[in-house]
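In each ligand, atom 1 is the first atom listed, and ligand 1 is the first ligand listed.
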Amino acid sequence: MVSDLSELGNFIDGAFHFPAGPTIDVWEPAVGEVYAQIPDSDAAVVNSAIVAAQTAFPAWAALEAEQRAAYLFQLADALEARLPELAQAESKDTGKPLWLAQSVDIPRAVRNFRFFASALPHFASESHSSQGFLNYTLRQPLGVVACISPWNLPLYLLTWKIAPALAAGNTVVAKPSEITPLTAYLLGEIAIQAGLPAGVLNLVMGSGAKTGSALTADSRIKAVSFTGSTRTGAEIARVVAPKFKKLSLEMGGKNAAIVFADCDYEKTLETLLRAAFSNQGQICLCMSRVLVEASIYDRFKADFVARAQAIQVGDPLLPDSRLGALVSLPHLEKVRSYVDLAIQEGGSVLCGGTPLQMQGRIEKGWYFAPTVLEGLSANCRTNQEEIFGPVVSLMPFESESEAVDVANGTEYGLAATLWTNDHARVMRLSPVLQAGVVWVNCWMERDLRTPFGGVKMSGLGREGGWDSLCFFTEPKNICFAQ
Ligand code: NDP
């Protein structure tokens with residue numbers, strides 16, 4: 001191992017480098033202190049990563065599927081062997097509870113590699129025969145691809161892209177968020193431990209504006225898989241579109257839960273508390289708008305607020321802390337500004353609404369109380385814009401059609417949830433909800449084989465299962481006269 005956790009360098013061509021030049025501070029949100037630096041890598045560094053990936057590509061692409069799968073299994077095993085350390089790193093970097101990183105983030109990163117390693121040998125190509133001709137379609141790797149991920153689920157989302165890209169025979173230059181680079185740095189160490197050939201996976205550190213844009217603009221990059229905000233996705237699309245690269249965009253959301261009076265009340269309440277506040281509300285799939293049928297609205301509101309107030313916010317290292325810190329001070333200020341906006345827009349704060357002053361080790365950390373709002377119009381900015389924090393807006397509705405109109409009435413379309421025991425209603429409403437994912441009586445249940453992604457301003461393309469392997473390959477049809 002080569003860990004020096006004060007300088008988190010780039011991992012290029014199988015080795016770590018910390019180039020001279022500007023650096024970016026890396027903060028620990030739980031305590032509000034800087035603990036490391038990363039390089040703000042420039043185009044020259046990005047170039048060296050792309051050259052390494054290009055050099056490694058032919059041999060990697062030429063391996064048999066089982067051989068590449070074996071490397072991915074080795075990566076999964078090496079990750080799993082370091083799970084406690086990786087979970088600590090993820091918690092330190094993001095402010096999320098350690099138990100959450102231990103039970104969700106890192107196990108999912110392990111699973112991402114295992115899932116695509118297992119899928120690869122079954123990834124068959126198509127053939128079509130007609131009179132006198134046989135068409136068969138090859139699925140060939142693209143070359144060097146870019147994987148760019150956000151700060152909320154750092155290793156989980158980065159590996160969700162890297163695993164299928166490598167499985168399909170591409171080599172990768174990946175950029176984690178400058179806000180949460182630690183587990184990506186450790187992934188470089190794990191690649192060495194797993195014996196991954198040099199240059200197959202490269203990790204470049206730096207800001208989106210400098211490092212990220214140098215990566216996406218480079219014409220040697222054949223595809224960009226991006227998860228992050230809609231604004232950044234639009235900027236990447238603007239740069240990439242004229243170069244006609246393959247582009248997958250997983251972006252923001254303003255997800256609606258629709259709660260009917262005939263739901264399983266207790267299960268709905270408990271699951272929606274998780275859906276609203278997990279990871280401090282910093283999951284693209286969080287339900288930030290909860291629409292409740294008018295006949296149960298008052299009861300639901302009282303119970304939801306009482307339980308939101310009881311959620312323990314605290315030191316991410318303590319097992320009783322259900323919520324930890326927000327990821328950064330600017331993000332905390334953004335969340336606070338949306339509560340101020342909600343009040344200006346005529347809303348009431350039913351609970352929370354302010355940062356929390358903690359004591360002891362975490363007194364300088366960035367904590368925000370779980371916040372429930374009501375009384376806001378469906379069209380106001382608070383109910384339209386992504387806040388990405390522990391803030392949820394409650395709204396009553398009278399009819400199915402009203403609920404669907406409100407749920408669909410934003411520019412986003414990532415996920416929606418329905419809470420009802422009326423199966424005919426589920427069949428009626430699921431198709432008309434403008435969302436890439438509809439969960440019925442559950443939330444964030446992820447079968448990795450299913451297509452995942454958003455519609456409208458939430459996304460372009462789908463990830464998961466064959467969709468990921470199709471994205472990271474180019475079909476080539478060969479028509480053979482028999
Ligand atoms: P950002 O869009 O700010 O950043 C995402 C990544 O893009 C980061 O690595 C960032 O680097 C990089 N980046 C920024 N600018 C550029 C650029 N011009 N060119 C290339 N790369 C760039 O998102 P956040 O990190 O703030 O993440 C939160 C957002 O992610 C929310 O909107 C959330 O909804 C969305 N998200 C969507 C998911 C989905 O599956 N649909 C899942 C999880 C999150 P840096 O941070 O270093 O600037």
### Task
For ligand 1, find out whether one of its N or O atoms is nearer than 3.5 Å to an N or O atom of Glu178.
yes

If we only consider heavy atoms of [X], is any one of them less than 4.0 Å away from an atom in ligand 1?
X      : value
Ser213 : yes
Gly453 : no
Pro176 : yes
Ser207 : yes
Asn152 : yes
Ile283 : no

### Query
Hey, does the Lys NZ or Arg CZ of Arg446 hover above the aromatic six-ring of Trp439, less than 6.0 Å from the centre and inside 45° of the axis?
no

### Task
Check whether NZ of the Lys or CZ of the Arg Lys334 lies under 6.0 Å from the centre of the six-membered ring of Phe388 and within 45 degrees of that ring's axis.
no

Considering non-hydrogen atoms of the protein only, which is the closest contact for [atom], and what is the distance?
atom                    : answer
atom 23 (O) of ligand 1 : Ser229 N, 3.3 Å
atom 34 (O) of ligand 1 : Glu386 OE2, 2.5 Å
atom 28 (C) of ligand 1 : Phe388 CE2, 3.6 Å
atom 21 (N) of ligand 1 : Gly212 CA, 3.7 Å
atom 11 (O) of ligand 1 : Lys175 NZ, 2.9 Å
atom 15 (N) of ligand 1 : Thr232 CG2, 3.3 Å
atom 46 (O) of ligand 1 : Ser177 OG, 2.9 Å
atom 8 (C) of ligand 1  : Ser149 O, 3.3 Å

Does [atom1] in [X] sit with more than 12 non-hydrogen atoms of other residues, nucleotides or ligands closer than 6.0 Å?
X      : atom1 : result
Met358 : CE    : yes
Arg231 : CZ    : no
Arg220 : CZ    : yes

### Query
Checking ring-ring contact (aromatic ring centres under 6.0 Å, His included) for the pair His331/Trp366: CA distance, chi angles, key distance, verdict?
CA-CA 9 Å; His331 190 57; Trp366 306 311; over 10 Å; no

Side chain, backbone, both or neither: the part of [X] lying under 4.0 Å from ligand 1 by heavy atom:
X      : answer
Thr227 : both
Leu157 : side chain
Ile179 : neither
Thr211 : neither

Would you mind listing which atoms of ligand 1 come within a distance below 4.0 Å of any non-hydrogen atom of [X]?
X      : result
Phe452 : 40 (O)
Trp151 : 24 (P), 25 (O), 26 (O), 27 (O)
Met251 : 34 (O), 37 (C), 38 (C), 39 (C), 41 (N)
Cys284 : 34 (O), 36 (N), 37 (C), 38 (C), 39 (C), 40 (O), 41 (N), 42 (C), 43 (C), 44 (C)
Gly206 : 47 (O)
Leu414 : 41 (N)
Ile236 : 19 (N), 20 (C), 21 (N)

### Chi angles and distances behind the salt bridge (Lys or Arg N to Asp or Glu O under 4.0 Å) call for Arg82, Glu189
CA-CA 11 Å; Arg82 290 175 68 177; Glu189 293 186 357; 2.6 Å; yes

For a quick test of reading the model, state the closest non-hydrogen atom pair linking [X] to [Y] and the distance between them.
X      : Y      : result
Gly253 : Ser458 : CA-OG, 4.0 Å
Ile50  : Val144 : O-CG2, 4.3 Å
Gly353 : Val339 : O-CG1, 3.7 Å

### Task
Over 60° means perpendicular and under 30° means parallel, so classify the ring planes of Trp160 and Phe116, tilted if in between.
tilted

#### Entry: Tyr185 and Phe16 aromatic ring geometry - parallel, tilted or perpendicular at 30°/60° bounds
tilted

### Query
Checking ring-ring contact (aromatic ring centres under 6.0 Å, His included) for the pair Trp466/Phe123: CA distance, chi angles, key distance, verdict?
CA-CA 8 Å; Trp466 299 143; Phe123 185 48; 5.5 Å; yes

### Message
Checking Ser393 against Asn383 for the side-chain hydrogen bond (donor to acceptor under 3.5 Å, both in side chains) test, could you report, in this order, the C-alpha distance in whole Å, the side-chain angles of both residues, the deciding distance, and whether it holds?
### Response
CA-CA 7 Å; Ser393 169; Asn383 272 333; 2.8 Å; yes

### Message
Between Ser377 (side chain only) and Cys380 (backbone N and O only), is there a donor and an acceptor less than 3.5 Å apart?
### Response
yes

